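Working notes, beginning with the structure itself.
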Amino acid sequence: MDEMSVLDYICLKIHPQNWRKPILPDENSAYGAEALVTRTRGPLDKPADRIAGWIRRVFVADVTDCFQIPGWAALLSFLLALAAQLINEPGGFFRQRNPLSSGALFGASAALIVIFAIVDHNKKGKSSGFRLFSPRVGVDSPNSGKPRMNERIFPEWLLISAGSALIAFFLFGGNRFNFLNLTFWALSILAAVFGVAGMPQRGWTGRVRKRWTNRFGPLVIRVSPWNLLWAGFFFITIYFRFHWLGTVPADMFSDHAEKLLDVKDVLDGKYPIFFLRNTGREAFQFYWTALMIRLFDSGISFASLKIGTALAGVFALPFVYGIGKKFANRWVGLAAMLLCGVAYWPNVISRVALRFAFYPMFTAPAFYFLICGLTERKRWQLILSGIFLGIGLQGYSAMRIVPTVFLLFFLFYLIQSPKEERQATAKGFGFLVLFAVLFSLPLLRILDGDAGRSFVPLADQADRD
């Protein structure tokens, strides 16, 4: 038998498959010279091949059915969009901005993509009609073997929820959060949860603990090239959100000053549902900023407002990644997250300390869970979508268009669903609407016509106090 070289021994020793195994054979072992040559001079002697195979396994893009357009069309579309943006840049190639020309160029860029997407769609023979989702995400392929959406409900708890919500609705009429109306509001939400999941049975704490242990414990952190890449991109976006946050933007204007006065009211023990200064604003930012002050001890300052909105911008990014991954693949999701993290306007929205940041903060998760709930046929994900939608309605006025968008999105999806699935899907969307209404209940009361006449300015109430 040929004698084992030191190099052969080291190559065998460092291979994970040989850990905790005897390396040095004895004379009677079948592990002879031929086996040594085969095992030590196979893939181990070709590190370049091993590295190439590892890259292919780890970084290969997921299979997707996204449309394809010719390279020249993609380049032309990009150049048109770039020219449109340059027209809008102050001090750029043009002396003054021209919104009409910019809009026309943006429209031409988008039209070019849409035209070639339709052409590619027809070439592949898939156009039996418009489809909202690609087959990878839609109701045809991976979901065809999934179970029907759960339709079980507990009507008695839903009735309790409706009654409690009605009482809370009227109690919110004073434009103040207090112990009584918050109690009935919380009871309506809790009863709605029981109406979907049922009353917890005996021993439910043990089952919850067991499920929590199976899912989250013991804590295992999986380090893979993709996870490291994702984390690196995510930290890049955090850098763009928080770098020089204290100085960019530098100064407040009147909106910020009025917001800080509202935050001071919250910290002083006044808890409005709708804040009346500056033509009226939804409540979320002021309670969120008060929380930032408590957590970071940043005081009633411009920095407290900026910390809150910067965190709101960061919160939306993982859901942007999830949406991109759902519609295409993880590379599209990663690119979407990175672009939203470093692009100019998302950073302006997140750093300017106004309520704009709360629009994507809640729209992104609400839309993500809407897609997941419909495509994976899971009712609890639609409920999460409704929760984020309801809270988001109390964050920024522009959020009020999102329910209409969600309804149109759902109707498109319902038309494409198999007939036997439509009833269950409609019921699941009904629970989304239910929880959205419950979580936006205080604002709905304030938007009611009778409640508007009950507004009393905070200054007047302070004088009476």
Side-chain angles (χ1 to χ4, degrees), residues 147-212 271-274 282-284 287 362 365-366 369-370 372-374 377-395 399-400 402-403 406-407 410 422-452 454:
R148 292 170 57 89
M149 187 177 292
N150 183 11
E151 298 184 62
R152 187 181 182 189
I153 61 172
F154 298 86
E156 62 277 8
W157 283 109
L158 293 179
L159 288 175
I160 294 174
S161 175
S164 302
L166 186 62
I167 295 173
F169 179 81
F170 287 108
L171 292 176
F172 282 134
N175 194 30
R176 285 291 183 276
F177 288 115
N178 55 51
F179 178 79
L180 187 61
N181 56 35
L182 286 175
T183 299
F184 278 99
W185 187 30
L187 181 60
S188 68
I189 294 172
L190 184 63
V193 172
F194 290 161
V196 176
M199 182 70 179
Q201 303 297 321
R202 181 175 298 179
W204 67 274
T205 55
R207 290 194 296 272
V208 170
R209 191 182 303 111
K210 182 178 179 181
R211 180 173 295 183
W212 177 271
Y271 306 115
I273 297 171
F274 191 83
E282 292 82 1
F284 183 83
Y287 293 98
F362 293 107
F369 285 117
L370 173 66
C372 291
L374 292 176
R377 300 173 187 173
K378 292 182 178 180
R379 185 172 61 177
W380 67 269
Q381 292 183 330
L382 292 175
I383 291 172
L384 285 175
S385 177
I387 291 173
F388 280 108
L389 179 59
I391 299 175
L393 288 170
Q394 301 190 71
M399 189 78 177
R400 296 175 195 174
V402 176
F406 274 31
L407 178 61
F410 164 71
R422 291 178 182 176
Q423 183 176 357
T425 304
K427 288 183 179 179
F429 189 79
F431 279 104
L432 183 155
V433 174
L434 170 63
F435 278 86
V437 169
L438 289 177
F439 274 84
S440 61
L441 191 64
L443 183 65
L444 293 178
R445 173 55 173 151
I446 298 307
L447 294 178
D448 177 67
D450 294 333
S454 67

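As a basis for the values below, the full set of heavy atoms in this structure was taken, side chains included, without hydrogen atoms, waters or symmetry mates. All figures in this text were calculated on a predicted structure; none of them were measured in a lab.
- Within the model, atoms CG of Leu370 and CZ of Phe388 stand 13.0 Å from one another, a figure rounded to the nearest 0.5 Å.
- Screening Ile153, Ile383, Asn150 for a side chain to side chain contact (heavy atoms under 4.5 Å, CB included) with Val196, the sole residue that qualifies is Ile383.
- For the atom pair CG of Leu434 and CD1 of Ile189, the computed distance is 10.0 Å after rounding to the nearest 0.5 Å.
- Taking the six-membered ring where the residue is Trp, Phe362 and Phe284 present perpendicular rings, their angle passing 60° and hence far from 30°.
- Using a 4.5 Å cut-off on side-chain heavy atoms (C-beta onward), Phe435 and Val193 make contact.
- Rounded to the nearest 0.5 angstrom, Leu441 CG and Ser188 OG are separated by 6.5 Å.
- Using a 4.5 Å heavy-atom cutoff, the side chains of Leu384 and Cys372 are not in contact.
- Remark: side-chain polar atoms of Ser161 are not paired, donor with acceptor, to backbone N or O of Trp157 under 3.5 angstrom.
- Side-chain contact between Leu374 and Gln381 is absent, with no heavy atoms from C-beta onward closer than 4.5 Å.
- In this structure the side chain of Leu382 never reaches within 4.5 angstrom of the side chain of Phe431, judged on heavy atoms.
- The side-chain heavy atoms of Ile387 and Phe369, taken from C-beta on, include no pair separated by under 4.5 Å.
- Although no hydrogens or angles enter the test, the distance criterion places no donor-acceptor pair under 3.5 Å between the side chain of Glu282 and the main chain of Gly392.
- Distance check, rounded to the nearest 0.5 Å: CG of Asn181 to OH of Tyr271 gives 13.0 Å.
- Below 30°, between 30° and 60°, or above 60°: for Trp185 and Phe177 the angle between ring planes is below 30°, a parallel geometry.
- Ring pair Phe410/Phe429 is parallel by interplanar angle, where below 30° counts as parallel and above 60° as perpendicular.
- Taking CZ from Arg379 and NZ from Lys427, the interatomic distance works out to 9.5 Å, rounded to the nearest 0.5 Å.
- Considering every non-hydrogen atom in both Phe439 and Gln394, the closest pair reads O-NE2, 2.6 Å.
- In this structure, CD1 in Ile273 is found 9.0 Å from CG in Leu443, a value given to the nearest 0.5 Å.
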